[in-house]
Amino acid sequence: MAEKPLSDGLLRWYRSHARALPWRAPPGKKPPDPYRVWLSEIMLQQTTVAAAKPYFATFTERWPTVEALAATASEDIMAAWAGLGYYARARNLHACARAIVADHGGQFPSTETELRTLPGIGAYTGAAIAAIGFGEPATVVDANVERVIARLYAIETPLPGARPEIRKMAELLTPEDHAGDFAQAMMDLGATICSARAPDCTRCPLQNRCRAARTEDPGKFPFKAPKKTKPVRRGTAYWLERDEAVLLVRHPERGMLGGMRALPSHGWREPAADPVETPGDIDWIRYGTVRHVFTHFALELDVVGGHVLTDEAPEGEWWPIAMIEEAGLPTLFAKAVTLVAAYRENDP
DNA sequence: TAACCGTGGCG
DNA sequence: TCGCCAAGGTT
């Protein structure tokens, strides 16, 4: 006798256990606004729900439509994205919004294939928007789905090598109807029950169909290739002030943190081994060191400060220190600002 | 293909 | 304290 589709039980579980999220329609309901689906999916790339939520609220308040977003200056979008990380997402967000308006009449395309031609939309996001925003039977595979499927079938091939095998199983499991709810159900299951560190199989609606659940340690799936250790880099950031309480801020277009405002700095973008000397013609204050971990290296950034007397503007803009919060600095430099503020609090 | 690209939370 | 991890995409 044929077994019932696994999706039946999962969808039933989802109808009573779906997380209520600002960008989401309740199970079984009409898909939400594709603009909101798209915006949420971009924000959620490699990002937790908790981190994305306040940004989603801010963006939808300031820019309720894709037309509004497309008409906005890039600088404003980048500043609003500050702190969320992976800043290429914000650059692509703007490019995608403009492409939707310029080439698609302001409407998101509904198919995975068309969506994937847009900036910032890859295999996962294209499928997610098609399924969740348009009800298309697209197969959505993210890290949650990978984990759930690796456990369902006790796949011992380590990631990323197991991806083709996992995708095949995901395609077989995806139902023709309610593919959007199915995808969100898989992700909710992965986020709340079949979690990475501590799966709670006793609460799982798929427990009786799961091979890993019958093993001693279901949490050991999926297997993963060993990670490389992160090198530590060192550099210096400069708090350069003029008498009018303004601070020199730069705006590099390329490289790390490209498109974001930044404090003048050097040394850390290259894998330099030695501490960097600071120029000797200014009476420097040493504020301390900021530590920050990026995706592929850790950073120790010495923060030094000095007064600039010249009227000549070095490369960059003079930003009022009282308004530094509005500069949209990425977290690395926001930490440096905090360090300087704390130093002055204690030693004014 | 593998390197590059942020950040915050959790065990 | 520290490594792992998260609704990945681009080059």
Side-chain angles (χ1 to χ4, degrees), chain A residues 18-19 21-24 36-56 78 81-93 95-96 115-133 138-148 159-161 163 167 170 180 182-192 194-199 219-220 222 224-233 254-260 262 268-271 290-299 328-335:
Chain A
R19 289 176 293 173
L21 300 172
W23 45 82
R24 178 179 273 187
R36 293 167 65 88
V37 175
W38 164 71
L39 182 60
S40 68
E41 290 301 341
I42 302 300
M43 287 184 170
L44 288 164
Q45 288 168 5
Q46 297 287 284
T47 305
T48 58
V49 166
K53 265 185 181 176
Y55 286 85
F56 183 82
M78 300 302 290
W81 196 275
L84 197 53
Y86 283 136
Y87 298 102
R89 292 187 295 173
R91 294 195 294 273
N92 287 328
L93 189 82
C96 183
L115 285 161
R116 282 212 48 177
T117 67
L118 292 160
I121 300 183
Y124 162 77
T125 306
I129 297 172
I132 298 170
T139 299
V140 178
V141 181
D142 74 329
N144 289 300
V145 175
E146 285 181 352
R147 184 170 60 255
V148 170
L159 287 170
R163 294 237 160 89
R167 164 159 290 280
F182 176 74
Q184 293 177 96
M186 289 286 275
M187 293 190 278
D188 276 20
L189 186 67
T192 63
C194 196
S195 62
R197 297 169 193 277
K220 75 180 181 186
K224 295 197 174 181
K227 300 214 189 294
K228 292 169 183 173
T229 58
K230 291 180 190 194
V232 178
R233 297 188 193 172
R254 304 184 171 281
M256 275 297 276
L257 309 177
M260 304 298 289
W268 62 277
R269 292 163 201 274
E270 305 300 325
V290 161
R291 288 175 175 75
H292 194 73
V293 181
F294 292 105
T295 308
H296 56 291
F297 65 93
L299 174 64
L329 292 174
T331 298
L332 167 66
F333 295 117
K335 284 181 179 176

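Chain A is the first sequence line, chain B the second, and so forth, proteins listed ahead of strands; every chain is numbered from 1.
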Subject >> Base-contact (B) and sugar-phosphate-only (S) positions in nucleotides 5-11 of chain C, heavy-atom cut-off under 4.0 Å, - elsewhere >> reply: SBBBSS-

Subject >> Same-atom distance (P) from dA7(C) to dA2(B), integer angstrom >> reply: 23 Å

Original post:
Is the His292(A) to Phe294(A) ring centre distance short of 6.0 Å?
Top reply: yes

**OP:** Can you tell me the distance, in whole Å, between the NZ atom of Lys220(A) and the P atom of dC4(C)?
**Re:** 19 Å

**OP:** Tell me, please, which residues at least two apart from Arg163(A) pass salt bridge (Lys or Arg N to Asp or Glu O under 4.0 Å).
**Re:** Glu146(A)

**OP:** Using whole Å, report how far CH2 of Trp81(A) lies from C1' of dG6(B).
**Re:** 12 Å

**OP:** Give the C-alpha distance, both sets of side-chain angles, the deciding distance and a yes or no for salt bridge (Lys or Arg N to Asp or Glu O under 4.0 Å) between Arg24(A) and Asp188(A).
**Re:** CA-CA 12 Å; Arg24(A) 178 179 273 187; Asp188(A) 276 20; 2.8 Å; yes

Original post:
Can you check whether Lys230(A) reaches His296(A) side chain to side chain, under 4.5 Å on heavy atoms?
Top reply: no

Original post:
So, is His296(A) close to the dC5(B) phosphate, meaning a side-chain N or O under 4.0 Å from OP1 or OP2?
Top reply: yes

**OP:** With heavy atoms under 4.0 Å as the rule, sort Met43(A) into base, sugar-phosphate or nothing.
**Re:** nothing

**OP:** Return the value, rounded to whole Å, for the distance between atom CG of Leu84(A) and atom P of dG9(B).
**Re:** 13 Å

**OP:** Mind calculating the distance between CG (Leu159(A)) and P (dC4(C)) to the nearest angstrom?
**Re:** 15 Å

Original post:
Reckon Val293(A) touches a base, only the sugar-phosphate, or nothing at all at heavy-atom distances under 4.0 Å?
Top reply: base

Original post:
Can you tell me how far C1' in dA6(C) sits from the matching atom in dG6(B), rounded to whole Å?
Top reply: 12 Å

Subject >> Pair Tyr55(A) + Trp81(A): ring centers closer than 6.0 Å >> reply: no

Original post:
Strictly by modelled atom types, are Tyr124(A) and Glu41(A) linked by a side-chain donor-acceptor pair under 3.5 Å?
Top reply: yes

Original post:
So, is His292(A) near the phosphate of dG6(B), with a side-chain N or O under 4.0 Å from OP1 or OP2?
Top reply: no

Original post:
On DNA chain B, nearest-nucleotide positions of Pro160(A) versus Phe297(A): which is more 5'?
Top reply: Pro160(A)

Original post:
What integer distance in Å separates Lys228(A):NZ from dC5(B):P?
Top reply: 14 Å

Original post:
So Arg147(A) and Ser195(A), side-chain hydrogen bond (donor to acceptor under 3.5 Å, both in side chains) or not? Walk me through it.
Top reply: CA-CA 8 Å; Arg147(A) 184 170 60 255; Ser195(A) 62; over 6 Å; no

